[in-house]
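Notes to accompany the following structure.
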Amino acid sequence: MKGEERPSKDEYYLGIAEAVCKRSPCIRRQFGAIIVKEDVIVSTGYNGPPRGVINCTEAGCLKDELDMPHYRQYQFCTAVHAEENAVINAARHGATVMGGTLYLYGQEYETGETFEGKPCDRCKRTLINAGIEEVITKNAEGTVIKKDVSDWVSQDTKKYLNKLEEAKKSK
């Protein structure tokens, strides 16, 4: 509309990731991810169960029933994360994500409130191995946040070595 400011590329792609997240059947938190390469969307994904498996909007949430916190105990949830689904969907259609940027949007199911999408350790490792170079998200205040995936390699190495050292000391 006349007078509206044109969104930046990051805001534009985060808006698309927001639309993708609305497909998520999670009744706790919804995530949408898109992978962009050379200014072209090559894949999308949202958090939800594998294809054909019952979802939480149909049956209820096991983690809610067990009063489990967010970002923990993934073995109790059937969902494939949005970041993983974006990588998987690209592979299903023969699209390369190497060198791409992943835009991640997260919102609370009940309120629609935005929160910063923070990939879990499992998703970080998936994105590292897929060759994603950057993850862009925004926080509740609307500030765009950029994360260099290569930083996660050294962080994961340090975390592993610390845990290994602790395990050796506890023997």
Side-chain angles (χ1 to χ4, degrees), residues 8-37 40-51 55-56 61 63 68-93 95-109 111-163:
S8 69
K9 287 283 182 153
D10 291 339
E11 288 290 341
Y12 167 70
Y13 287 127
L14 284 167
I16 295 169
E18 178 181 3
V20 171
C21 97
K22 294 177 187 317
R23 285 284 305 148
S24 169
C26 180
I27 59 175
R28 292 178 126 212
R29 290 187 160 182
Q30 298 174 304
F31 288 91
I34 65 169
I35 299 174
V36 175
K37 251 187 96 168
V40 174
I41 298 170
V42 296
S43 187
T44 67
Y46 53 85
N47 59 316
R51 294 168 190 265
N55 67 58
C56 294
C61 176
K63 286 177 73 174
M68 294 180 168
H70 295 295
Y71 294 109
R72 301 276 187 277
Q73 298 163 316
Y74 297 117
Q75 70 271 23
F76 291 97
C77 180
T78 64
V80 178
H81 294 182
E83 304 95 318
E84 294 170 315
N85 270 326
V87 170
I88 291 165
N89 288 335
R92 286 174 61 94
H93 294 281
T96 179
V97 299
M98 182 77 73
T101 298
L102 183 132
Y103 289 84
L104 181 63
Y105 182 87
Q107 72 179 26
E108 295 290 340
Y109 174 77
T111 65
E113 183 180 326
T114 302
F115 59 87
E116 183 181 341
K118 296 180 180 179
C120 69
D121 287 343
R122 183 178 82 194
C123 286
K124 286 179 181 180
R125 293 175 187 138
T126 298
L127 297 176
I128 290 167
N129 279 357
I132 298 295
E133 292 181 354
E134 186 174 44
V135 172
I136 299 177
T137 185
K138 66 178 171 179
N139 63 19
E141 293 77 36
T143 304
V144 173
I145 298 166
K146 297 183 178 194
K147 299 171 184 174
D148 185 338
V149 173
S150 67
D151 291 341
W152 295 342
V153 174
S154 58
Q155 291 168 4
D156 209 33
T157 298
K158 184 177 180 180
K159 187 187 296 185
Y160 178 79
L161 291 174
N162 286 340
K163 286 180 180 179

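In this chain, numbering begins with 1 at the start of the sequence shown.
Screening V97, V87, I35 against L127 for a side chain to side chain contact (heavy atoms under 4.5 Å, CB included) leaves a single residue, V87.
No more than 12 heavy atoms of other residues, nucleotides or ligands sit less than 6.0 Å from atom NZ of K118. The number of heavy-atom neighbours closer than 6.0 Å to CZ of R23, taken from other residues, nucleotides and ligands shown, is 12 or below. The environment of CZ in F115 is crowded: more than 12 heavy-atom neighbours from other residues, nucleotides or ligands sit within 6.0 Å.
E134 CD to Y103 OH: the interatomic distance, rounded to the nearest 0.5 Å, is 7.0 Å. A distance of 4.0 Å separates CD1 in I145 from CG in N139, rounded to the nearest 0.5 Å. Interatomic distance, OG1 of T137 versus CG of L104, reported as 5.0 Å (0.5 Å rounding). Rounded to the nearest 0.5 Å, atoms NZ (K63) and OG1 (T78) are 10.5 Å apart. Distance NZ/K37 to CG/L102: 13.5 Å, rounded to 0.5 Å. Here OG1 of T114 is found 6.5 Å from CD of Q107. Values are rounded to the nearest 0.5 Å.
With hydrogens and angles disregarded, no donor-acceptor distance shorter than 3.5 Å links the side chain of E18 to the backbone of Y105. With S43 contributing its side chain and A90 its backbone, the two residues share a donor-acceptor pair below 3.5 Å.
For the residue pair G45 and N85, the shortest heavy atom distance occurs at CA-CB, 3.9 Å. Shown here for T44 and N89, the closest heavy-atom pair between the two residues is O-ND2, 2.9 Å. Minimum interatomic distance between V20 and G32 (heavy atoms only, all atoms of both residues): CG1-CA, 4.0 Å. Across all non-hydrogen atoms, the minimal contact from P69 to R28 is O-NH1, 3.6 Å. Closest approach of E84 to H81, counting heavy atoms only: OE1-N, 2.9 Å. E83 approaches C123 most closely through the heavy-atom pair OE1-SG, 3.5 Å.
Salt bridge annotation for K124-D156: absent, with no cationic side-chain nitrogen under 4.0 angstrom from a carboxylate oxygen.
Two residues are said to be in side-chain contact when any heavy atoms from C-beta on lie closer than 4.5 Å; K159 and Q155 fail this criterion. No side-chain heavy atom of Y12 sits under 4.5 Å from any side-chain heavy atom of V36. The side-chain heavy atoms of R29 and E108, taken from C-beta on, include a pair separated by under 4.5 Å. Residues P25 and Y46 are in side-chain contact: their nearest non-hydrogen atoms beyond the backbone lie under 4.5 Å apart. Residues V135 and V149 are in side-chain contact: their nearest non-hydrogen atoms beyond the backbone lie under 4.5 Å apart. Between I41 and Y13, some side-chain heavy-atom pair lies under the 4.5 Å cut-off. Residues Y109 and C56 are not in side-chain contact: their nearest non-hydrogen atoms beyond the backbone lie 4.5 Å or more apart.
Inspection of the S150 and D148 side chains reveals an N or O donor paired with an N or O acceptor under 3.5 Å.
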Side chain to side chain contact (heavy atoms under 4.5 Å, CB included) assessment of R125 paired with D121:
CA-CA 6 Å; R125 293 175 187 138; D121 287 343; 4.1 Å; yes
